[in-house]
There are 2 protein chains.
Amino acid sequence: MTVTLKDVAERAGVSRSAVSRTFTPGASVSAKTRSKVEQAAAELGYAPSALASGLSTGRTKLIGLVSNNFRNPIFLEVFDLFTRAIQDRGLRPLLVNLSEDTDPEAAIRMLRQYSVDAVIVASSTLSPAFAANCKAAGLPVVHAFGRATRRPEVPVVGIDNVEAGRMAARALLARGYRDIGFLGGPAGATTTQDRLAGFRQELARHPGCRLRESFASTYSHDAGAAEMSRLIDSGPLAEAYFCGDDVIAIGALGVLRKAGREVPGDVGLIGFNDMEAASWDLVTLTTIRQPLDEIIAVSVGQAIALSEQPETPVTQTLLPLTLIERGTLRPGM
Amino acid sequence: MTVTLKDVAERAGVSRSAVSRTFTPGASVSAKTRSKVEQAAAELGYAPSALASGLSTGRTKLIGLVSNNFRNPIFLEVFDLFTRAIQDRGLRPLLVNLSEDTDPEAAIRMLRQYSVDAVIVASSTLSPAFAANCKAAGLPVVHAFGRATRRPEVPVVGIDNVEAGRMAARALLARGYRDIGFLGGPAGATTTQDRLAGFRQELARHPGCRLRESFASTYSHDAGAAEMSRLIDSGPLAEAYFCGDDVIAIGALGVLRKAGREVPGDVGLIGFNDMEAASWDLVTLTTIRQPLDEIIAVSVGQAIALSEQPETPVTQTLLPLTLIERGTLRPGM
DNA sequence: GGGCGAATTGCAACCGGTTCCTAAACCGGT
DNA sequence: ACCGGTTTAGGAACCGGTTGCAATTCGCCC
């Protein structure tokens, strides 16, 4: 059933090497042989085996795309962009779903077994140790949406979460809010910690401000709703909240409306991510957008560079955020 | 850097075949050699190359997962379930994003090059010709979310869209709606056509009913919003609408609220899919759920069966729908 | 027509496993 | 100690490509 190099060679009346070379860009083949081979290949419907060529060249054109985030709608867009970017470069994504119950070591082992050219870890919640382990196992790796650190072990592409916190704080202050809440994601997440740090930093520069801190148990709608319910039940609210994610903000928004509070009339809300639903008429959430397309383009570019040139120095790329103003904060002053 | 069979063999003082056999379940190896080999393998950190073994056995444990739907949030859950189901069976998903500008033939060629064990097409909007072409190219294929037809060319797993239409109609009728609207997805989509057919069928059994038909240009929030705006502008609305998808329904809902119409007070709305946002407090959309988990479990099961036993007769599996009652239809009578 | 360097070509070894086949080791029984 | 029947082990060919190397062919000039 499958047509091999040998079949084409016989049909074209040339050696196997000649066939191989016609399909290897930059190899030395005369125009005559090339056309004979191409014709034979076309007639037979020949497609070179990526497995075999991967085996002998050591490059498989496979990119391991690892994520543990299959709940936040923003990641559908992330996967869309990643798969396209990877495909456009002539590579293919081998997807790894690293959910709670899967063993990270097993995942690394399997990425090695398939000898992927590089690994892209796409997650802000996955421990940096995972990427580091990939690297230790000899896999070129880049961590997209990873945390910026002083001395990163692997290349990181993402945003500056501390700056994100500052940016949110500035947005709230500029709109005259003074009694301000932080409604973060899980308290243990580094994204939460970093954003909180920036948030505090900026508020600290405005003496008259009050800051209250609270955390949703996960990055999810329901956790956001639950935490806002708790806040409502436990006394007067802040004037505005910076939420750790749009889904959290939307959960909070739903609860506020249900409780008869006007947003932004009574309470202001600003989210993070600019997921599609943030722009829905039912939502119109003011939020901070991270440049997904750029993060992904850079990540893929680096992954490829790294696979070709493994000893490239480790870099860190932090891309700029944008405030997207919609309807959940009162107008600026 | 990479440890091979040979290295392990030398270290263990046995032949390469012996090593291969210890890693091949069911092969004949004495306990003594096995333990020698296992120890040597562990010491060296040996992981057998999936490429090489795929090359010689003809099975790669790779499943091509093809989709063109990277916009509808429901598909994030689809990908989550698929990747887990595939991984749990010891296989890995090779993801193919078949968006508008990618060539389906190229995709098939590449799936052949990597000699995937089977292909799963996950899309309700992709032409059945694609799956048929896979099959013609010798790739075992199953079409998840595909259309039920009289004589399917490839195995299909999904739902009965005609029945979905009937179900929606029955739900509306049972709640006393008589002037009823169909707000489908793209008029050309088979899902739209089938659901409309079922919808008409059921309404036809109730003489006093009026049916109005309209279509959103795509399966998206904005298209739903746009179409509902048009309806509002062009005269009195129906009492309730069956929308082709939750995102369309949510778009419509947003426009209705903005126009000051109460839902379900003035207008009823029922969606399709039960995406996560349908359950948000801001939305509480009554909708019809398709059993994603079952569809996916069956699809993966069939794909594997097919890869092991290519001549299995072509079957069609249609799974049952569930009405999820929330807050956008008035209570039943 | 002969000679020269450059471009092509084919051979053969190799990538890392799998598996058929034969030979060797093993077993219990006499 | 010997025999016949099982296991088990190793050799070698094969999966489908790639590539270094030596041999051949080519184009061109004298």
Side-chain angles (χ1 to χ4, degrees), chain A residues 1-38 40-41 44-62 90 109-117 138, chain B residues 1-38 40-41 44-62 90 109-117 138:
Chain A
M1 176 72 218
T2 73
V3 185
T4 76
L5 203 58
K6 187 154 151 268
D7 302 325
V8 179
E10 280 168 7
R11 173 131 193 169
V14 299
S15 73
R16 302 191 311 136
S17 350
V19 179
S20 172
R21 282 194 264 260
T22 36
F23 288 97
T24 308
S28 149
V29 212
S30 70
K32 204 168 56 173
T33 350
R34 151 158 280 129
S35 76
K36 274 195 297 188
V37 169
E38 280 173 347
L44 265 38
Y46 170 69
S49 154
L51 259 48
S53 94
L55 186 55
S56 41
T57 61
R59 340 205 76 254
T60 52
K61 302 194 166 193
L62 247 27
R109 194 160 41 246
M110 97 90 179
L111 289 167
R112 272 182 47 200
Q113 296 192 163
Y114 282 90
S115 47
V116 296
D117 288 347
Chain B
M1 174 74 215
T2 74
V3 185
T4 75
L5 204 57
K6 188 154 151 268
D7 303 325
V8 179
E10 281 168 8
R11 172 130 195 171
V14 299
S15 71
R16 302 194 309 136
S17 346
V19 179
S20 172
R21 281 194 270 260
T22 33
F23 287 97
T24 308
S28 147
V29 211
S30 70
K32 203 170 55 175
T33 6
R34 151 159 279 129
S35 75
K36 275 195 297 189
V37 170
E38 279 172 348
L44 265 38
Y46 169 69
S49 154
L51 259 48
S53 95
L55 187 56
S56 41
T57 60
R59 339 205 76 256
T60 52
K61 302 195 166 190
L62 247 28
R109 192 160 43 245
M110 97 89 180
L111 288 167
R112 270 182 46 200
Q113 295 191 170
Y114 283 90
S115 47
V116 297
D117 288 346

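Within every chain, numbering begins at 1; the chains are lettered A, B, ... in the order of the sequence lines, protein sequences first and strands thereafter. Note that the coordinates shown come from a computational prediction; the quantities given were computed from them, not determined experimentally.
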Which residue, Arg21(B) or Ala52(B), contacts DNA chain C at a nucleotide closer to its 5' end, judged by nearest heavy atom? Ala52(B)

Exercise: identify the closest heavy-atom pair between Tyr114(B) and Leu62(B): O-CD2, 4.0 Å

How close do Leu55(A) and Leu51(B) get, heavy atom to heavy atom, and via which atoms? N-CD2, 4.0 Å

Below 4.0 angstrom from OP1 or OP2 of [N], is there any side-chain N or O of [X]?
X	N	value
Ser49(B)	dG17(C)	no
Ser20(B)	dT19(C)	no
Ser15(A)	dG10(C)	yes

Find the distance [X]:[atom1] to [N]:[atom2] and express it as a whole number of Å.
X	N	atom1	atom2	result
Lys32(A)	dT9(C)	NZ	C1'	11 Å
Phe23(B)	dG17(C)	CZ	P	9 Å
Asp7(B)	dG17(C)	CG	P	9 Å

Between Ser115(B) (side chain) and Arg112(B) (backbone), is there a donor-acceptor pair under 3.5 Å? no

Arg16(A) side-chain N/O to Lys6(A) backbone N/O, donor-acceptor pair under 3.5 Å: no

What is the distance from atom NZ of Lys61(A) to atom CD of Gln113(B), rounded to the nearest 0.5 Å? 8.5 Å

Take a 6.0 Å sphere around NZ of Lys36(B) and say whether it holds more than 12 heavy atoms from other residues, nucleotides or ligands. yes

Need one value for [X]: base, sugar-phosphate or nothing, where a base atom within 4.0 Å counts as base even if backbone is also close, heavy atoms only.
X	answer
Ser17(A)	base
Ser28(A)	base
Val29(A)	sugar-phosphate

Report yes if a donor N or O on one partner sits less than 3.5 Å from an acceptor N or O on the other, where the partners are the side chain of Arg16(B) and the base of dG17(C); otherwise report no. yes

DNA chain D: first to last nucleotide in contact with chain A (atom under 4.0 angstrom from a heavy atom), 5' to 3', is dG16(D) to dG20(D)

For the residue pair Leu5(A) and Phe23(A), establish whether any side-chain heavy-atom pair is separated by less than 4.5 Å. no

Checking base pairs now: Watson-Crick or wobble, both atom distances under 3.5 Å. What partners dT25(D)? dA6(C)

